[in-house]
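Heads up, the thing below is written out as C-alpha coordinates.
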Amino acid sequence: MLYAIVVILVLILDQYTKLWVSTNITLNTGSIPLIPGVLEIVNIHNDGAAFNLLSGFRWLFIGLAAALLVFVVLALALNWIKGKFGRWTLVLTLAGALGNAIDRVINGYVVDMISVPAISFMQVFNVADIFITVCGILFCFYLIFGGNRKAARRQAAAAAEDEGEYEIENQPEPLNRGKDDRARRKESERVRRNAAKAEVRRQKAAEKRRKAYQAELQKEADSTGEEDGYSATGGPVISRETLESTARPSVRRAAPAPKELDFSVPSEPAKKDENPEDMDFDLDEILKEFK
(Lines give C-alpha, C1' and ligand atoms only; values in the text may rest on other atoms or scores of the structure.)
Protein backbone atom coordinates (compact mmCIF):
# COMPACT_ATOMS: atom_id res chain seq x y z
CA MET A 1 0.00 0.00 0.00
CA LEU A 2 2.81 2.39 0.86
CA TYR A 3 4.51 1.63 -2.46
CA ALA A 4 1.33 2.57 -4.35
CA ILE A 5 1.02 5.86 -2.46
CA VAL A 6 4.62 6.80 -3.27
CA VAL A 7 4.12 5.94 -6.97
CA ILE A 8 1.02 8.15 -7.11
CA LEU A 9 2.88 11.06 -5.48
CA VAL A 10 5.71 10.78 -8.02
CA LEU A 11 3.19 10.71 -10.89
CA ILE A 12 1.45 13.81 -9.55
CA LEU A 13 4.77 15.67 -9.29
CA ASP A 14 5.81 14.63 -12.82
CA GLN A 15 2.51 15.48 -14.50
CA TYR A 16 2.20 18.82 -12.71
CA THR A 17 5.66 19.98 -13.84
CA LYS A 18 4.92 18.95 -17.42
CA LEU A 19 1.59 20.77 -17.39
CA TRP A 20 3.13 23.92 -15.94
CA VAL A 21 5.95 23.93 -18.54
CA SER A 22 3.51 23.37 -21.42
CA THR A 23 1.37 26.26 -20.18
CA ASN A 24 4.04 28.84 -19.33
CA ILE A 25 6.98 28.23 -21.70
CA THR A 26 6.96 28.48 -25.48
CA LEU A 27 7.68 25.22 -27.26
CA ASN A 28 11.29 24.79 -28.41
CA THR A 29 12.18 28.48 -28.03
CA GLY A 30 11.19 29.66 -24.62
CA SER A 31 13.32 29.18 -21.49
CA ILE A 32 13.49 30.28 -17.86
CA PRO A 33 17.04 30.38 -16.46
CA LEU A 34 17.36 29.11 -12.89
CA ILE A 35 21.15 29.40 -12.73
CA PRO A 36 22.35 31.45 -15.73
CA GLY A 37 24.55 29.36 -18.01
CA VAL A 38 24.19 26.31 -15.78
CA LEU A 39 20.53 25.30 -15.36
CA GLU A 40 17.35 26.42 -17.14
CA ILE A 41 13.76 25.33 -17.77
CA VAL A 42 12.67 24.79 -21.38
CA ASN A 43 9.80 23.14 -23.26
CA ILE A 44 10.74 20.35 -25.70
CA HIS A 45 8.71 17.40 -27.01
CA ASN A 46 10.45 14.06 -27.40
CA ASP A 47 8.85 10.99 -29.00
CA GLY A 48 11.85 8.74 -28.47
CA ALA A 49 14.21 7.77 -25.68
CA ALA A 50 17.30 9.61 -24.47
CA PHE A 51 19.37 11.31 -27.18
CA ASN A 52 16.24 10.91 -29.41
CA LEU A 53 16.98 7.20 -29.79
CA LEU A 54 14.20 4.96 -31.15
CA SER A 55 12.16 7.94 -32.23
CA GLY A 56 8.72 6.91 -33.41
CA PHE A 57 8.62 3.68 -31.37
CA ARG A 58 5.86 4.99 -29.16
CA TRP A 59 4.12 1.67 -28.42
CA LEU A 60 7.39 -0.05 -27.74
CA PHE A 61 8.02 2.24 -24.77
CA ILE A 62 4.43 1.84 -23.58
CA GLY A 63 4.82 -1.96 -23.74
CA LEU A 64 8.09 -1.80 -21.81
CA ALA A 65 6.43 0.31 -19.11
CA ALA A 66 3.55 -2.21 -18.87
CA ALA A 67 6.01 -5.13 -18.64
CA LEU A 68 7.94 -3.31 -15.92
CA LEU A 69 4.70 -2.75 -14.02
CA VAL A 70 3.87 -6.47 -14.12
CA PHE A 71 7.40 -7.43 -13.08
CA VAL A 72 7.44 -5.03 -10.12
CA VAL A 73 4.04 -6.21 -8.86
CA LEU A 74 5.15 -9.87 -9.04
CA ALA A 75 8.53 -9.11 -7.47
CA LEU A 76 6.91 -7.42 -4.50
CA ALA A 77 4.12 -9.96 -4.12
CA LEU A 78 6.35 -13.04 -4.41
CA ASN A 79 9.24 -11.48 -2.46
CA TRP A 80 11.72 -11.80 -5.32
CA ILE A 81 13.47 -8.64 -4.12
CA LYS A 82 14.45 -9.22 -0.48
CA GLY A 83 16.00 -5.95 0.66
CA LYS A 84 14.16 -2.69 1.32
CA PHE A 85 16.71 -0.71 -0.70
CA GLY A 86 16.15 -2.87 -3.76
CA ARG A 87 12.38 -2.70 -3.39
CA TRP A 88 12.27 1.08 -3.15
CA THR A 89 14.65 1.71 -6.03
CA LEU A 90 12.60 -0.65 -8.21
CA VAL A 91 9.32 1.04 -7.23
CA LEU A 92 10.68 4.54 -7.94
CA THR A 93 12.00 3.38 -11.32
CA LEU A 94 8.52 2.10 -12.12
CA ALA A 95 7.01 5.45 -11.08
CA GLY A 96 9.23 7.30 -13.55
CA ALA A 97 8.44 4.83 -16.35
CA LEU A 98 4.70 5.20 -15.74
CA GLY A 99 5.02 9.00 -15.80
CA ASN A 100 6.50 8.97 -19.31
CA ALA A 101 4.10 6.21 -20.44
CA ILE A 102 1.13 8.40 -19.54
CA ASP A 103 2.52 11.15 -21.79
CA ARG A 104 3.02 8.74 -24.69
CA VAL A 105 -0.48 7.27 -24.35
CA ILE A 106 -2.22 10.69 -24.14
CA ASN A 107 0.00 12.94 -26.29
CA GLY A 108 2.23 10.60 -28.26
CA TYR A 109 5.35 12.34 -26.92
CA VAL A 110 7.10 13.21 -23.66
CA VAL A 111 7.52 16.76 -22.37
CA ASP A 112 11.13 17.48 -21.36
CA MET A 113 11.96 20.64 -19.47
CA ILE A 114 15.27 20.49 -17.54
CA SER A 115 18.34 21.63 -19.49
CA VAL A 116 21.95 21.85 -18.29
CA PRO A 117 23.87 24.06 -20.81
CA ALA A 118 27.03 23.79 -18.73
CA ILE A 119 27.32 20.12 -19.74
CA SER A 120 27.34 19.90 -23.53
CA PHE A 121 26.46 16.22 -23.82
CA MET A 122 23.62 16.41 -21.31
CA GLN A 123 20.22 16.04 -22.96
CA VAL A 124 17.03 17.74 -21.84
CA PHE A 125 15.07 15.58 -19.39
CA ASN A 126 12.11 15.69 -17.03
CA VAL A 127 11.21 14.59 -13.49
CA ALA A 128 10.24 11.07 -14.61
CA ASP A 129 13.62 10.66 -16.33
CA ILE A 130 15.38 11.51 -13.05
CA PHE A 131 13.62 8.68 -11.24
CA ILE A 132 14.19 6.25 -14.12
CA THR A 133 17.91 7.00 -14.44
CA VAL A 134 19.00 7.44 -10.82
CA CYS A 135 16.86 4.71 -9.24
CA GLY A 136 17.48 2.31 -12.13
CA ILE A 137 21.27 2.65 -11.72
CA LEU A 138 20.99 2.17 -7.94
CA PHE A 139 18.88 -0.96 -8.47
CA CYS A 140 21.50 -2.37 -10.84
CA PHE A 141 24.22 -1.72 -8.24
CA TYR A 142 22.03 -3.45 -5.68
CA LEU A 143 21.88 -6.60 -7.82
CA ILE A 144 25.54 -6.50 -8.93
CA PHE A 145 26.96 -6.23 -5.42
CA GLY A 146 24.79 -9.03 -4.03
CA GLY A 147 22.33 -6.93 -2.07
CA ASN A 148 19.53 -9.40 -2.78
CA ARG A 149 21.59 -12.38 -1.55
CA LYS A 150 22.64 -10.55 1.61
CA ALA A 151 19.05 -9.57 2.32
CA ALA A 152 17.96 -13.19 1.77
CA ARG A 153 20.56 -14.40 4.29
CA ARG A 154 19.39 -11.80 6.81
CA GLN A 155 15.79 -12.88 6.40
CA ALA A 156 16.73 -16.53 6.81
CA ALA A 157 18.72 -15.70 9.94
CA ALA A 158 15.79 -13.74 11.37
CA ALA A 159 13.42 -16.63 10.66
CA ALA A 160 15.81 -19.09 12.29
CA GLU A 161 16.11 -16.83 15.32
CA ASP A 162 12.34 -16.80 15.72
CA GLU A 163 12.37 -20.61 15.72
CA GLY A 164 15.17 -20.79 18.26
CA GLU A 165 17.71 -22.03 15.70
CA TYR A 166 19.62 -18.82 15.08
CA GLU A 167 23.36 -19.14 14.56
CA ILE A 168 25.60 -16.10 14.47
CA GLU A 169 26.87 -15.19 11.00
CA ASN A 170 30.52 -16.02 10.26
CA GLN A 171 30.64 -18.55 13.08
CA PRO A 172 33.72 -20.85 13.31
CA GLU A 173 34.02 -23.76 10.96
CA PRO A 174 33.21 -27.28 12.25
CA LEU A 175 36.96 -27.93 12.72
CA ASN A 176 37.27 -24.95 15.03
CA ARG A 177 34.17 -26.00 16.93
CA GLY A 178 35.77 -29.44 17.39
CA LYS A 179 38.89 -27.81 18.81
CA ASP A 180 36.79 -25.80 21.23
CA ASP A 181 34.95 -28.94 22.35
CA ARG A 182 38.24 -30.76 22.94
CA ALA A 183 39.56 -27.80 24.90
CA ARG A 184 36.45 -27.77 27.08
CA ARG A 185 36.75 -31.53 27.66
CA LYS A 186 40.41 -31.18 28.64
CA GLU A 187 39.58 -28.38 31.05
CA SER A 188 36.79 -30.38 32.71
CA GLU A 189 39.11 -33.41 32.95
CA ARG A 190 41.80 -31.26 34.57
CA VAL A 191 39.34 -29.92 37.11
CA ARG A 192 38.16 -33.46 37.89
CA ARG A 193 41.73 -34.71 38.39
CA ASN A 194 42.55 -31.79 40.66
CA ALA A 195 39.44 -32.49 42.73
CA ALA A 196 40.38 -36.19 43.00
CA LYS A 197 43.93 -35.30 44.09
CA ALA A 198 42.61 -32.90 46.70
CA GLU A 199 40.33 -35.63 48.06
CA VAL A 200 43.26 -38.07 48.26
CA ARG A 201 45.36 -35.48 50.13
CA ARG A 202 42.51 -34.88 52.53
CA GLN A 203 42.13 -38.60 53.24
CA LYS A 204 45.89 -38.98 53.76
CA ALA A 205 45.93 -36.08 56.19
CA ALA A 206 42.99 -37.58 58.11
CA GLU A 207 44.76 -40.98 58.22
CA LYS A 208 47.93 -39.32 59.44
CA ARG A 209 46.07 -37.59 62.26
CA ARG A 210 44.38 -40.85 63.19
CA LYS A 211 47.70 -42.69 63.35
CA ALA A 212 49.25 -39.93 65.44
CA TYR A 213 46.35 -40.14 67.88
CA GLN A 214 46.68 -43.93 68.11
CA ALA A 215 50.43 -43.59 68.63
CA GLU A 216 49.82 -41.18 71.47
CA LEU A 217 47.37 -43.58 73.08
CA GLN A 218 49.83 -46.47 72.58
CA LYS A 219 52.61 -44.49 74.20
CA GLU A 220 50.46 -43.68 77.23
CA ALA A 221 49.35 -47.30 77.57
CA ASP A 222 52.93 -48.59 77.32
CA SER A 223 54.10 -46.13 79.98
CA THR A 224 51.50 -47.30 82.52
CA GLY A 225 51.45 -51.01 81.70
CA GLU A 226 48.08 -51.44 83.48
CA GLU A 227 44.57 -52.36 82.40
CA ASP A 228 41.71 -49.93 82.12
CA GLY A 229 41.14 -48.19 85.39
CA TYR A 230 43.24 -45.83 87.47
CA SER A 231 46.95 -45.95 88.10
CA ALA A 232 48.61 -45.62 91.45
CA THR A 233 48.85 -41.89 91.00
CA GLY A 234 45.12 -41.69 90.40
CA GLY A 235 45.30 -40.90 86.65
CA PRO A 236 43.31 -42.91 84.12
CA VAL A 237 45.13 -45.53 82.09
CA ILE A 238 44.14 -47.20 78.82
CA SER A 239 44.70 -50.90 78.15
CA ARG A 240 46.22 -52.28 75.00
CA GLU A 241 42.91 -53.92 74.05
CA THR A 242 41.13 -50.56 74.26
CA LEU A 243 43.87 -48.95 72.18
CA GLU A 244 43.62 -51.58 69.47
CA SER A 245 39.85 -51.18 69.27
CA THR A 246 40.15 -47.41 68.89
CA ALA A 247 39.36 -46.14 65.41
CA ARG A 248 39.65 -42.48 64.75
CA PRO A 249 38.96 -39.90 67.41
CA SER A 250 35.38 -38.75 67.64
CA VAL A 251 34.87 -35.09 67.13
CA ARG A 252 31.47 -35.11 68.70
CA ARG A 253 31.41 -34.62 72.46
CA ALA A 254 29.12 -36.64 74.67
CA ALA A 255 26.06 -34.81 75.81
CA PRO A 256 26.07 -33.96 79.52
CA ALA A 257 23.90 -36.13 81.75
CA PRO A 258 20.62 -34.53 82.72
CA LYS A 259 20.46 -33.08 86.19
CA GLU A 260 18.26 -34.71 88.79
CA LEU A 261 15.23 -32.71 89.71
CA ASP A 262 14.84 -31.66 93.37
CA PHE A 263 11.21 -31.80 94.41
CA SER A 264 11.81 -30.85 98.12
CA VAL A 265 10.19 -27.67 99.44
CA PRO A 266 12.85 -25.07 100.21
CA SER A 267 12.95 -23.89 103.83
CA GLU A 268 11.98 -20.36 104.56
CA PRO A 269 15.08 -18.18 104.88
CA ALA A 270 15.85 -16.89 108.33
CA LYS A 271 14.96 -13.34 109.03
CA LYS A 272 17.78 -11.10 110.05
CA ASP A 273 15.73 -8.53 111.97
CA GLU A 274 12.41 -8.92 113.63
CA ASN A 275 9.91 -6.19 113.40
CA PRO A 276 9.15 -4.88 116.93
CA GLU A 277 5.57 -4.42 116.09
CA ASP A 278 5.19 -8.09 115.25
CA MET A 279 6.70 -9.25 118.62
CA ASP A 280 4.32 -10.32 121.46
CA PHE A 281 5.35 -8.62 124.81
CA ASP A 282 4.08 -9.78 128.23
CA LEU A 283 4.39 -6.74 130.50
CA ASP A 284 3.60 -8.64 133.73
CA GLU A 285 6.40 -11.12 133.14
CA ILE A 286 8.89 -8.35 132.58
CA LEU A 287 7.86 -6.54 135.82
CA LYS A 288 8.23 -9.77 137.81
CA GLU A 289 11.78 -10.05 136.62
CA PHE A 290 12.68 -6.64 137.93
CA LYS A 291 11.09 -7.37 141.35
Side-chain angles (χ1 to χ4, degrees), residues 1-76 81 84-145 147:
M1 185 62 182
L2 182 59
Y3 296 136
I5 294 175
V6 172
V7 169
I8 292 173
L9 292 176
V10 172
L11 290 177
I12 292 175
L13 175 63
D14 177 64
Q15 293 301 312
Y16 175 77
T17 55
K18 291 174 180 177
L19 178 62
W20 185 89
V21 166
S22 300
T23 305
N24 295 280
I25 300 177
T26 308
L27 179 64
N28 296 329
T29 57
S31 66
I32 298 177
L34 297 179
I35 303 176
V38 177
L39 183 64
E40 60 184 14
I41 302 299
V42 297
N43 183 7
I44 295 178
H45 294 170
N46 178 16
D47 60 351
F51 300 97
N52 289 324
L53 296 177
L54 300 177
S55 178
F57 288 84
R58 168 188 177 188
W59 294 105
L60 174 62
F61 294 110
I62 295 174
L64 291 176
L68 180 61
L69 174 62
V70 174
F71 171 76
V72 172
V73 171
L74 290 177
L76 297 179
I81 308 301
K84 291 182 179 180
F85 181 80
R87 286 170 173 263
W88 278 111
T89 53
L90 188 58
V91 166
L92 294 176
T93 303
L94 172 65
L98 291 178
N100 284 339
I102 292 174
D103 285 355
R104 288 189 171 98
V105 170
I106 297 176
N107 302 321
Y109 57 84
V110 175
V111 178
D112 291 334
M113 77 283 298
I114 302 175
S115 175
V116 185
I119 303 177
S120 58
F121 62 87
M122 180 72 70
Q123 294 295 308
V124 182
F125 54 92
N126 54 38
V127 174
D129 292 334
I130 295 175
F131 284 96
I132 294 174
T133 305
V134 176
C135 296
I137 292 174
L138 291 177
F139 180 73
C140 292
F141 284 156
Y142 171 80
L143 295 179
I144 292 172
F145 292 102

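This is a predicted model, so every value here is computed, not measured.
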Distance check, rounded to the nearest 0.5 Å: [X] atom [atom1] versus [Y] atom [atom2]?
{"X": "L143", "Y": "L138", "atom1": "CG", "atom2": "CG", "answer": "11.5 Å"}
{"X": "Y3", "Y": "L92", "atom1": "OH", "atom2": "CG", "answer": "10.0 Å"}
{"X": "N107", "Y": "S22", "atom1": "CG", "atom2": "OG", "answer": "7.5 Å"}
{"X": "T29", "Y": "I44", "atom1": "OG1", "atom2": "CD1", "answer": "10.0 Å"}
{"X": "H45", "Y": "M113", "atom1": "NE2", "atom2": "CE", "answer": "9.5 Å"}
{"X": "L76", "Y": "F71", "atom1": "CG", "atom2": "CZ", "answer": "9.0 Å"}

pair [X]-[Y]: side-chain heavy atoms closer than 4.5 Å:
{"X": "I114", "Y": "N126", "value": "no"}
{"X": "I137", "Y": "F141", "value": "yes"}
{"X": "F61", "Y": "N100", "value": "no"}

Legend entry - N28 and N43 side chains, donor-acceptor separation under 3.5 Å: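 The answer is no; no qualifying pair exists.
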Test item: [X] side-chain N/O and [Y] main-chain N/O as donor-acceptor pair under 3.5 Å:
{"X": "D47", "Y": "Y109", "value": "no"}
{"X": "N24", "Y": "W20", "value": "yes"}
{"X": "R58", "Y": "R104", "value": "yes"}
{"X": "Q15", "Y": "G99", "value": "yes"}
{"X": "S115", "Y": "V42", "value": "no"}
{"X": "T17", "Y": "D14", "value": "yes"}

Legend entry - salt bridge (charged side-chain N to carboxylate O under 4.0 Å, His left out) involving D103 - partner list, sequence neighbours excluded: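 Checked D103 against salt bridge (charged side-chain N to carboxylate O under 4.0 Å, His left out); matches are K18.
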Legend entry - Given T89, V72, V91, L90, the one that forms side-chain contact (heavy atoms from CB on, under 4.5 Å) with I81: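 Output: one option passes, namely L90.
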Inset, instruction - Using the side-chain contact (heavy atoms from CB on, under 4.5 Å) rule, pick out the option among V127, T133, D129 that qualifies with F131. - result: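 It is V127; the other options fail the test.
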Inset, instruction - Provide the closest heavy-atom pair for A97 versus L68 in the form atom of the first, atom of the second, distance. - result: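 Looking at all heavy atoms of both residues, the closest pair is CB-CD2, 3.8 Å.
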